[in-house]
2 protein chains.
Amino acid sequence: MTDVAERLRAAGLRATRPRLAVTEALRAMGGHHTADEVHAHLVEHGTPLPRTSVYNALVTLSELGVVLRADVGPGAAVYEFAETWHHHFVCRRCGRVSDVSCLVGAKPCLTAGQDVGRVDEAQVIFRGICHDCLRTTGTTPGGRTTP
Amino acid sequence: MTDVAERLRAAGLRATRPRLAVTEALRAMGGHHTADEVHAHLVEHGTPLPRTSVYNALVTLSELGVVLRADVGPGAAVYEFAETWHHHFVCRRCGRVSDVSCLVGAKPCLTAGQDVGRVDEAQVIFRGICHDCLRTTGTTPGGRTTP
DNA sequence: TGAGTTATTTGGACAATATCCAAGTTACAC
DNA sequence: GTGTAACTTGGATATTGTCCAAATAACTCA
């Protein structure tokens, strides 16, 4: 939190209430969450913010690298409080997102192997069927991101 | 086209007008396009389809592997006619998407390195600044840690 | 070739997600 | 403290994607 405030200032940005509140919410919740889930958490915990402010803060914080955004497909992007760089596995059946640790742990962990420009990040999305869904084969198509 | 019709039938699906039209549109356009861009192209070329049909077709075709969907971030997913499996580079400044060839060329080209379930695909999104934007350097977006 | 069966399309409405903007507020420098 | 730019706020709006039930058309088999 103080740490994040310092990182913001070091980047020439201000340590504002929404930015700190969103950071703290993601840290408290743990795991992967949509902007709306963050918003709901804040409302429930006495720190209501406009939805727009949550979006703004998430954009700033991901640019700063304090939170990580995973683009897991159509629908809402999910965010998480990020200590180290890592990747994600998305279950095709239940939609659950889980972390896949990155061997390198820093960005960029892969290079493009061809000259496209300056690469500063390589995000990997693994897709397939998770353990739970492999066990309970057949049902539960319409899952959600689990808290 | 006929090829695609056969692939559809081989998978127990029907070779319907929307599916073939969407495939043909993507092939004709080349590159990466959103569902709405495909829809617009079809309207302009005398093959109007309802927006919903375009979405439906794109889902089916990506499941079949005839087209490739790239989840490049918030906003619309982009699709392309896909000959071989590959990855994508997204410019942070202009948003342009370009192909990054995959050394393996088949799915999955990476493994998770840990036991998350059954992985059938690994999609890599590279991010950075493309050549064109590096040349016409403007203001550096604030707060990015340089590698 | 033609009729039956069933996957698929269609179109309208809707839900979910994200952005824009202009006025107000606040964090930070001095 | 005070000034000033950065940031927030909230409402409106744009964008993106999904749902549904009736209508259509692709394929099967005689």
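So you know, we letter chains A, B, ... as the sequences are listed, proteins then strands, and number each from 1.
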Less than 3.5 Å apart, which donor and acceptor atoms pair up between the side chains of residues 60-75 of chain B and the rest of the protein, not counting sequence neighbours?
from	atom 1	to	atom 2	distance (Å)
B/T60	OG1	B/N56	O	3.1
B/S62	OG	B/L58	O	2.3
B/R69	NE	B/D71	OD1	2.9
B/R69	NH2	B/D71	OD2	3.2
B/D71	OD2	A/R127	NH2	2.7

- Counting primed atoms, P, OP1 and OP2 as sugar-phosphate and everything else as base, the B/S/- map of nucleotides 24-30 of chain D against protein heavy atoms under 4.0 Å is -BBS---
- Task: Summarise protein proximity over nucleotides 16-22 of chain D in one line of letters, 5' to 3': B for base, S for sugar-phosphate only, - for none, counting protein heavy atoms closer than 4.0 Å.
- Result: SBBB---
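One atom, CD of B/E63, and another, C1' of C/dT8, lie 14 Å apart when rounded to the nearest Å. Following rounding to the nearest Å, B/L49 (CG) and C/dT8 (P) show an atom-to-atom distance of 16 Å. Taking atom CZ of residue B/R19 and atom C1' of nucleotide C/dT10, one finds them 14 Å apart after rounding to whole Å. Protein atom CG of B/D71 is 14 Å distant from nucleotide atom P of C/dT17, rounded to whole Å. Rounded to whole Å, the distance from NE2 on A/H39 to C1' on C/dA16 is 15 Å. Regarding A/L8, its CG atom lies at a distance of 15 Å from the P atom of D/dA6, rounded to whole Å.
Taking the six-membered ring for Trp and the full ring otherwise, A/H32 and A/H88 have centroids separated by under 6.0 Å.
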- Query: Checking side-chain contact (heavy atoms from CB on, under 4.5 Å) for the pair A/L26/A/Y79: CA distance, chi angles, key distance, verdict?
  - Reply: CA-CA 8 Å; A/L26 276 174; A/Y79 299 83; 4.1 Å; yes
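For the pair A/R19/A/V4, no side-chain contact is recorded, criterion being any heavy-atom separation below 4.5 Å from C-beta on. A/F89 is listed as a side-chain neighbour of A/C130, based on a closest heavy-atom distance under 4.5 Å.
With no hydrogens or angles considered, a side-chain donor-acceptor pair links B/E80 and B/H86 at under 3.5 Å.
Salt bridge absent: B/K107 and B/D120 never bring a charged side-chain N and a carboxylate O closer than 4.0 Å. Ion pairing between a basic and an acidic side chain is recognised when a charged N comes within 4.0 Å of a carboxylate O; B/E24 and B/R27 show such pairing.
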